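Just below is one structure, and these are the notes that go with it.
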There are 2 protein chains.
Amino acid sequence: MTKSESSASSALPDADQQAANFKRVREAHQSEVAEDYVELIADLINTTGEARAVDIARRLGVAHATAVKTIARLQREGLVSSQPYRAVFLTEKGRELAVHSKRRHEIVVDFLRAIGISEKTAQRDAEGIEHHVSEETLAAFERVIRAESLAKKPRPTLADSAKEK
Amino acid sequence: MTKSESSASSALPDADQQAANFKRVREAHQSEVAEDYVELIADLINTTGEARAVDIARRLGVAHATAVKTIARLQREGLVSSQPYRAVFLTEKGRELAVHSKRRHEIVVDFLRAIGISEKTAQRDAEGIEHHVSEETLAAFERVIRAESLAKKPRPTLADSAKEK
DNA sequence: TACATTTTATAGCCCGTGCTATATTATTTA
DNA sequence: TAAATAATATAGCACGGGCTATAAAATGTA
Ligand SMILES: [Mn+2]
Ligand SMILES: [Mn+2]
Ligand SMILES: [Mn+2]
Ligand SMILES: [Mn+2]
């Protein structure tokens, strides 16, 4: 294997670069909980009409006390609003974050499906992967999704659009 | 858009399934630090001969006190051994985890490169993504890498191997 | 309306992983 | 060898996000 070939097993990367990468991951983990919460809250509102703490807790797989505490933090951070004994709502800021998170989530899932991952695994892995995907990578994922969907369909090429009429 | 088509924007997934997915992510985050540490320690030993706390801290981008504390935990968990004022070593268990982590890390990086991500971003995103990639997805990544490397090279088909001699 | 059930709130705990500040020990250099 | 520098250890603090247990309020039902 020549030096320039893949999997550079030796030779550590630049220290500062590596440190920056790890820091980025840690930062992603900070925003991660917020992203998953607002995305879920938006989904609950859209489908059931409201987002109650119990449902949020149940779908996240945490104790309701944990969910309530986190919701309090999200309120502090201006992503969510909630009055005592009422359901949880998203602020404008929260809605925006939810939209972006959901879009990214779906792209990741679609991408995993496109490369042949099973539905269940795609859902599973996407829930973690999504938070570590840069804009550049997201764009590449979208390209793959488009390429795959074109390859699958019975050639809806330019010829087809010309054929109509 | 028909109901069975991509990006199911409405219709929440099964609650238990969704909860299980989130739990899986949380579990991954528990093992994540250990994986990154042992991988880095192995790299440092392989290239510089030893893994000192300062270097570990520097490359992880954390204060050395933080690194030392985590190293203590890894020792408790039997992944690492270290005596006071000496460098850090991997146990057999730690070496194994390092090997697996490194392999997975490289596959993820190679995969990102294969779909056209820049070197820097591939390194960046891989550091987080790696911890959320299941075996099934990893296998799919390897397929893509192989497919891409075949497509790129000037057709090293069976014909070529026949040509020699 | 009264009672039972569900939902929400709150307190108190644990653990991991950050940090700074302050010794102490090793190592390098003058 | 002595002093300066570097590396390590340790203490103490903060915060996030888990948990259980308990209390209070809201809601559903008899
Ligand atoms: Mn997620
Ligand atoms: Mn998500
Ligand atoms: Mn990593
Ligand atoms: Mn992660």
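Below, each value reflects all heavy atoms present in this structure, side chains not excepted, and no hydrogens, waters or symmetry copies. Residue numbering restarts at 1 for every chain, and letters A, B, ... go by the order of the sequence lines. Everything numeric in this text was worked out from a predicted model, so none of it was measured.
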Ring pair (Phe, Tyr, Trp, His ring centres under 6.0 Å) involving A:F22 - partner list, sequence neighbours excluded: none

Output all residues satisfying ring pair (Phe, Tyr, Trp, His ring centres under 6.0 Å) with A:H64, sequence neighbours left out; order by chain, then residue number. none

Can you list the residues that meet the side-chain contact (heavy atoms from CB on, under 4.5 Å) rule with A:E142, with sequence neighbours excluded? A:R103, A:I107, A:R146

Sequence-distant partners of A:I45, side-chain contact (heavy atoms from CB on, under 4.5 Å), two or more places apart: A:I41, A:A51

Ring pair (Phe, Tyr, Trp, His ring centres under 6.0 Å) partners of B:H100, counting only residues at least two apart: none

For A:H132, what residues pass the ring pair (Phe, Tyr, Trp, His ring centres under 6.0 Å) criterion, not counting sequence neighbours? A:H29, B:H132

Sugar-phosphate or base contact per nucleotide [nucleotides 5-13 of chain C; S, B, -; heavy atom under 4.0 Å]: --SBBBBBB

Taking B:V68 as the starting point, is it possible to reach B:V62 by hopping between hydrophobic residues whose side chains are less than 4.5 Å apart? no

Quick one: how far along DNA chain D does chain B reach, first to last nucleotide 5' to 3', anything under 4.0 Å to a heavy atom? D:dA7 to D:dG18

If the condition is side-chain contact (heavy atoms from CB on, under 4.5 Å), which residues does B:A140 pass it with, not counting sequence neighbours? A:I115, A:I117, B:R143

Side chains of residues 76-86 of chain A: which donor-acceptor pairs under 3.5 Å do they make with residues two or more places apart or in other chains?
residue: A:E77; atom: OE1; partner: A:R73; partner atom: NH1; Å: 3.4
residue: A:E77; atom: OE2; partner: A:R73; partner atom: NH1; Å: 2.9
residue: A:S82; atom: OG; partner: A:Q75; partner atom: OE1; Å: 3.4

Non-neighbouring partners of A:A19 that pass side-chain contact (heavy atoms from CB on, under 4.5 Å), sequence neighbours left out: none

Got a sec? Which of residues 14-33 of chain B come in under 4.0 Å of DNA chain C, heavy atoms? B:V33

